[in-house]
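Protein chains get the first letters and strands the later ones, always in sequence-line order, with residue 1 at the start of each.
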Protein chains: 2
Amino acid sequence: MDISKHPNECIFHLLTRAARRGGRAFKAAIEDLGLTAVQGRVLNLLWVMGDARATELGEQVELDSATITGVLDRLAVLGLIERRQDENDRRVARIFLTPAGNELGQKINDRVVPANEAFLDGMTENEVAALKKFLKQL
Amino acid sequence: MDISKHPNECIFHLLTRAARRGGRAFKAAIEDLGLTAVQGRVLNLLWVMGDARATELGEQVELDSATITGVLDRLAVLGLIERRQDENDRRVARIFLTPAGNELGQKINDRVVPANEAFLDGMTENEVAALKKFLKQL
DNA sequence: ACATTTTATCTTGCATGCAAGATAATGAAT
DNA sequence: ATTCATTATCTTGCATGCAAGATAAAATGT
């Protein structure tokens, strides 16, 4: 199949479409908790990691420093996280969950597995494993 | 593998990361032409389709009407496209490439296949086919 | 014909996404 | 110690991404 005349064969096109659909599905899964998809992913990631540096979170969710700063700002305003200067390296902003953030992080976590299953409905376990393997190596 | 403790197993996480990497790769492939990744994809799509309604373009690239409006605005300012009211249905904005847009659309198209190959380097043809099939059905 | 509903696009407001550059603190080299 | 390079974060400016709602034109129902 010739990509040049079939946009649907272009990997960039396909990845963008799939990611947007996934983003909407995840957003729908956590919408009632009052967070956007990105905020939810960052909060859940922090819940899994315990605490982390701002840049570390950004790397995990593939956001650059400019973007993660804004996301953390909003999570802080919502009272879900706290920024504390690292004692050993005062350049570092160490991020902690507040009790409210911890609670919400866990709630999101409880929904991740069902949301994944719903989104991947129709694919066999082997197919899902293959898809994930491909996505990881890109 | 338990997703709840391993963000890297979450399909939303994996799709977002892969799509962002793809976006950067595509952007790098067309950067010297002076367009963003989204603008490039829309212009190339229009080049393939000949002409199209605004909404039609938005559906293809998975952008909603609010977003596609802005993208088309910028492409129009750059002198690459023209908006003409459809004669049969005056609600419809029919989008046409200008000569400059047509030329640029083709240049982008010439780079799509090489950029795909570079990005998918390391995967076999069968793996690529499987990946695309999965992405299409999500 | 007229009111209602639907459709295509645009507008507004806010949240990413990212390039480029500013700032401050650490580390390395002399 | 002082200079230089590096690192972590933040700021600015502009381009998506999208919810909600406005607007105008077309289709539908009575």
Side-chain angles (χ1 to χ4, degrees), chain A residues 12 15-28 30-32 34-43 52-78 80-81 83-95, chain B residues 12 15-28 30-32 34-43 52-78 80-81 83-95:
Chain A
F12 309 117
L15 281 173
T16 303
R17 283 178 61 124
R20 276 224 250 298
R21 289 178 179 178
R24 285 197 284 265
F26 182 65
K27 185 192 170 87
I30 65 163
E31 203 157 36
D32 61 304
L35 295 182
T36 66
V38 172
Q39 289 167 358
R41 288 205 307 124
V42 170
L43 196 71
R53 292 174 301 130
T55 304
E56 213 174 342
L57 287 172
E59 280 166 6
Q60 283 295 315
V61 292
E62 203 84 14
L63 298 179
D64 84 344
S65 66
T67 305
I68 196 69
T69 295
V71 175
L72 294 177
D73 281 349
R74 278 161 226 120
L75 290 174
V77 167
L78 293 171
L80 301 171
I81 66 162
R83 261 186 259 238
R84 284 183 226 153
Q85 208 175 38
D86 188 288
E87 292 183 0
N88 298 323
D89 185 341
R90 288 182 311 192
R91 289 170 304 182
V92 173
R94 195 154 282 280
I95 315 297
Chain B
F12 308 118
L15 281 173
T16 304
R17 282 177 62 122
R20 276 229 249 299
R21 289 180 178 175
R24 285 197 284 265
F26 182 65
K27 184 191 170 84
I30 65 164
E31 202 158 37
D32 60 304
L35 295 181
T36 66
V38 172
Q39 289 168 359
R41 288 206 305 124
V42 170
L43 196 71
R53 292 173 300 130
T55 304
E56 212 172 345
L57 287 172
E59 280 165 5
Q60 284 295 316
V61 292
E62 202 83 12
L63 297 180
D64 84 344
S65 66
T67 305
I68 195 70
T69 295
V71 175
L72 294 177
D73 282 349
R74 277 163 226 119
L75 289 174
V77 167
L78 292 171
L80 300 171
I81 66 162
R83 262 184 259 238
R84 284 182 225 152
Q85 206 176 38
D86 189 286
E87 291 183 0
N88 298 321
D89 184 341
R90 287 183 311 192
R91 290 171 301 183
V92 173
R94 196 154 283 280
I95 315 297

For this session: Starting at atom CZ of R90(A), determine the distance to atom P of dA25(C), rounded to an integer number of angstrom.
Result: 6 Å
Problem set entry | Length of the line joining D89(B):CG and dA25(D):C1', which is rounded to integer Å | 7 Å
Problem set entry | Contacts of D64(A) that satisfy side-chain contact (heavy atoms from CB on, under 4.5 Å) - sequence neighbours left out | A66(A), T67(A)
Problem set entry | Footprint string (nucleotides 14-20 of chain C, 5' to 3'): B base within contact, S backbone only, - free, heavy atoms under 4.0 Å | -SBBBB-
Exercise. With R17(B), which residues qualify under side chain to side chain donor-acceptor pair (under 3.5 Å), at least two apart?
Worked result: none
Exercise. For R90(A), what residues pass the salt bridge (charged side-chain N to carboxylate O under 4.0 Å, His left out) criterion, not counting sequence neighbours?
Worked result: none
Seminar exercise, completed: Those residues at least two apart in sequence (or on a different chain) that pass ring-ring contact (aromatic ring centres under 6.0 Å, His included) with F12(A) are F26(B), F119(B)
Exercise. Quick one: L72(A) CG to dA8(D) P, roughly how many Å, whole number?
Worked result: 15 Å
Exercise. When we call it a touch if two heavy atoms are under 4.0 Å apart, what does R94(B) touch: a base, just sugar-phosphate, or nothing?
Worked result: nothing
Problem set entry | Ionic contact status for E62(B) with R24(A), cut-off 4.0 Å | yes
Exercise. When the distance from CD of Q85(B) to C1' of dA26(D) is rounded to whole Å, what number comes out?
Worked result: 13 Å
Exercise. Starting at CZ of R91(B) and ending at C1' of dA8(C), how long is that distance when rounded to a whole Å?
Worked result: 6 Å
For this session: Rounded off to whole Å, could you give me the CG-to-P distance for the L57(B) and dA8(C) pair?
Result: 14 Å
Problem set entry | Protein-nucleotide distance (D73(B), atom CG; dT11(C), atom P), rounded to Å | 7 Å
Exercise. Can you name the residues that form a side chain to side chain donor-acceptor pair (under 3.5 Å) with R74(A), not counting sequence neighbours?
Worked result: none
Problem set entry | Under 4.0 angstrom between R83(B) side-chain N/O and dC10(C) OP1 or OP2 | yes
For this session: Look at the side-chain N and O atoms of R53(A) and state whether any lies under 4.0 Å from the OP1 or OP2 oxygen of dA8(D).
Result: yes
